[in-house]
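Just so you know, ligand 1 is whichever comes first in the structure, and atom 1 is the first atom listed for that ligand. Atom set for the values below is all heavy atoms of this structure, side chains included, hydrogens, waters and symmetry mates excluded. This is a predicted model, so every value here is computed, not measured.
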Amino acid sequence: MGKQEIKDKIEKLREFLNTCNYKYYVLSQPDISDYEYDIKMAELQKLESENPEFDDQNSPTKRVGDDRNLEFSQVAHKYPMLSLGNTYNEGDLKEFDSRIRKLTDKPFFYDCELKFDGTSISLTYQNGKLIRAVTRGDGQKGDDVTNNVRTIKSIPLTLNKDAKYPDFFEIRGEILMPHSSFNRLNEERAEIGETPLANCRNAAAGALKTQNSAAVSRRGLDCYLYYLMMDSLPTNSHFQNMQLAKSWGFKVSENTTKAENISQVIDFIEYWNKERKNLPYDIDGIVIKVDQMDIREQLGFTAKTPRWAIAYKFKADEVSSPLISIDYQVGRTGVITPVANLEPVHLAGTIVKRATLHNADIIKSLDLHYGDTVFIEKGGEIIPKITRVDIEKRLQNATPINYIDKCPVCGAELVRNPGEAGHYCPNYLHCPPQITGKIIHFVTRKAMNINCGEATIELLYNQGLIKNPADLYDLKAPQIARLERFAEKSAKNFIESIHNSVEVPYSRVLYALGIRYVGEQAAKSLAKKFKNIEQLKSATIEQILEINDIGQAIAESVFQWFRNSENIEMLNRLIKAGLQFQNSETEVVNEEKSQKLAGLNLIVTGSFATPQRRSELEQMVEINGGKLQSSVNAKTNFVVAGDKPGTSKIQKAEKLGIKIISEQEFLKLLQ
Ligand code: IVH
């Protein structure tokens, strides 16, 4: 192919993939299979990497983000980003309506829109391409977060080719984190002992400001647009302008409704106040806007807000209930989490009995006393939280709740490191929940993938058979078969599963060790930089800090872990048991990582030529930017099947029309 032909081909593929993205992420109506999409994407990635002269920041391949650190620069807004007047009651709405009717006698209607609870963004497009994305900032100037925003799949990088969009315009909207992404993120945080994020709004705003666009890409953000801005708008109707924007490629809410009068507005509000719990993202109210642009102009702005719009905010779903007691849970890293036990109470469709209190500062700021009645709030699918105390119900002579200073299980004096919110129990060698918690973490699927549950680990620990992960490798089938819950066959399977785990790749073994703050991602980065455990063991804090996404806390924690004699003793036993403590051949060969499988979800199932081959294939998936899944679902792109693949996986893949490929076909994908 000549250069011109390559260029044409690249442009065609970009256009095709942009249309597919639009149909999938904006319209939710894909018309090609994921497989076809993936093949085209792989083709484009290949052409682009071979022909860097045709690079384009707005290519659909750029959605995966990059690993460079960004420094946000400040950009002045062409039109200031104002906020809205808020109200919580119908009376204010009626006043808003009559104020407008006094200022104009022209006929108009209202647009009633969902008030998305995220973080606002202003996008600028020139000749159909996204050129800038800026946060609200102080309303006059904001942060340039263009590279991060490029990873959000529902934001078009290039507008629909056939649409007639203006040459230059700005469009504003809300970046939000859907519940599914939020819950996943908090599970990951809990896994590494970090305080969960309080709500989807903070999570979205935090994600957008992450100094690493690849990390933003993984956060699963979404974006709805609700405000088109340019010197001369296409039509006089906001509603119509937004429908046009939709046809250009933007995600515009399906739920906007026109209202002739304020009573129709109130109907809309009442409907969504009930219905919002069924949305996959949070809304915190309804925005009511005069539709006609000429009337908006006539009404103008006050210093901070437009006179033509108002936000009706929902009262958060809130109930009150007496506090019965507080449990202090001890996690595997020794972190203490206080949890309130409450008189069971109905809230937003569920019965709430417990609410998290996170840490000592939260208990203090709530000024909790024994016997208090507390208010509990819940938004979306988020864990309920205590927002305040009902002071009127406080008992006479009630005493304040003081945070514990000793571990509730082993009695050790708790420690709080400067700058950290949580207390933790330092007695990691002898504190039972920490011992079992570490072993439970060690066996989980994402770590050593040993086939057993929490109850088995607790049983083995209580029977004195295991005190740390290395003890697992000394267990013998007859010892296990004697235990309740086990028979000869299940004992044999369990021991076999322990032995099979010696094939688990190095990065997952590092994760399994349960070093404080080292989650899956950090373990991968560590394994990439330090090719074997000896290198990691002798690394200085400074050397560890050279890794892009590793900060001071992780680096210090890793360094300290290797300075502890019990850890070293356990490590030596694990090395002796044959676990992988260095990058395998495949990893070394594939060192130049590619993005050939970026955005793809794969599963490897069945057995291959050698017992190690399966983990090698799994590593190849990850090295090439793909994501490994443990079970087949609608998001799976390929199932790589060896001999005797899992029947349920194959059946499910067939049912969902997911491509099942052989090892050879998989290797072809990587070529
Ligand atoms: S219109 C002149 N429409 O709410 C202000 N804002 O409290 C134009 N928001 O800063 C904003 N959903 O971040 C508008 N459908 C919607 C919205 C919306 C959420 C946010 C936005 C704004 C804040 C105002």
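- Ranking the protein heavy atoms by distance from atom 12 (N) of ligand 1 puts Phe116 N, 3.0 Å first.
- Heavy atoms of Leu114 found under 4.0 angstrom from ligand 1 belong exclusively to the backbone.
- Ligand 1 does not have Asp284 within reach: every non-hydrogen atom of the residue lies 4.0 Å or more from it.
- In this structure, Lys289 does not pair ionically with Asp111, as no charged nitrogen and carboxylate oxygen lie closer than 4.0 Å.
- Any N or O atom pair closer than 3.5 Å counts here, and Arg136 shares no such pair with ligand 1.
- Checked by atom type, the side-chain pair Thr636/Asn601 shows no donor-acceptor distance below 3.5 Å.
- Looking only at heavy atoms of the protein, atom 17 (C) of ligand 1 is closest to Tyr226 CE2, 3.3 Å.
- Asp372 and Arg394 are joined by a salt bridge, as a carboxylate oxygen and a charged side-chain nitrogen come within less than 4.0 angstrom of each other.
- Between Phe169 and Tyr125, the ring planes lie parallel to each other; the angle is under 30°, not in the 30° to 60° tilted range.
- When all heavy atoms of Phe182 and Ala203 are compared, the closest pair comes out as CD1-CB, 3.8 Å.
- Among protein heavy atoms, the minimum distance from atom 4 (O) of ligand 1 is reached at Lys115 NZ, 3.1 Å.
- In summary, the atoms of ligand 1 found under 4.0 Å from a heavy atom of Pro306, numbered by their order in the structure, are 2 (C).
- Under 4.0 angstrom from ligand 1, the non-hydrogen atoms of Leu84 come from both its backbone and its side chain.
- Neither the backbone nor the side chain of Ala311 has a heavy atom within less than 4.0 Å of ligand 1.
- Remark: Lys78 NZ is packed, more than 12 non-hydrogen atoms of other residues, nucleotides or ligands lying under 6.0 Å away.
- Near Ser120, the atoms of ligand 1 lying under 4.0 angstrom from a non-hydrogen atom of the residue are 13 (O).
- The ligand atoms of ligand 1 that sit less than 4.0 angstrom from a heavy atom of Leu82 are 2 (C), 5 (C).
- Under the 4.0 angstrom criterion for non-hydrogen atoms, Lys289 is in contact with ligand 1.
- Checked against the 6.0 Å centroid criterion, the rings of Tyr224 and Tyr281 qualify as a close aromatic pair.
- For the residue pair Asn58 / Thr158, no side-chain donor-acceptor distance below 3.5 Å is found, with atom types taken as modelled.
- With ligand atoms numbered from 1 in the order given, ligand 1 contributes 9 (N), 13 (O), 19 (C), 20 (C), 21 (C) to contacts under 4.0 Å with heavy atoms of Glu174.
- No donor-acceptor pair under 3.5 Å is formed between the side chain of Asp143 and the backbone N or O of Phe72.
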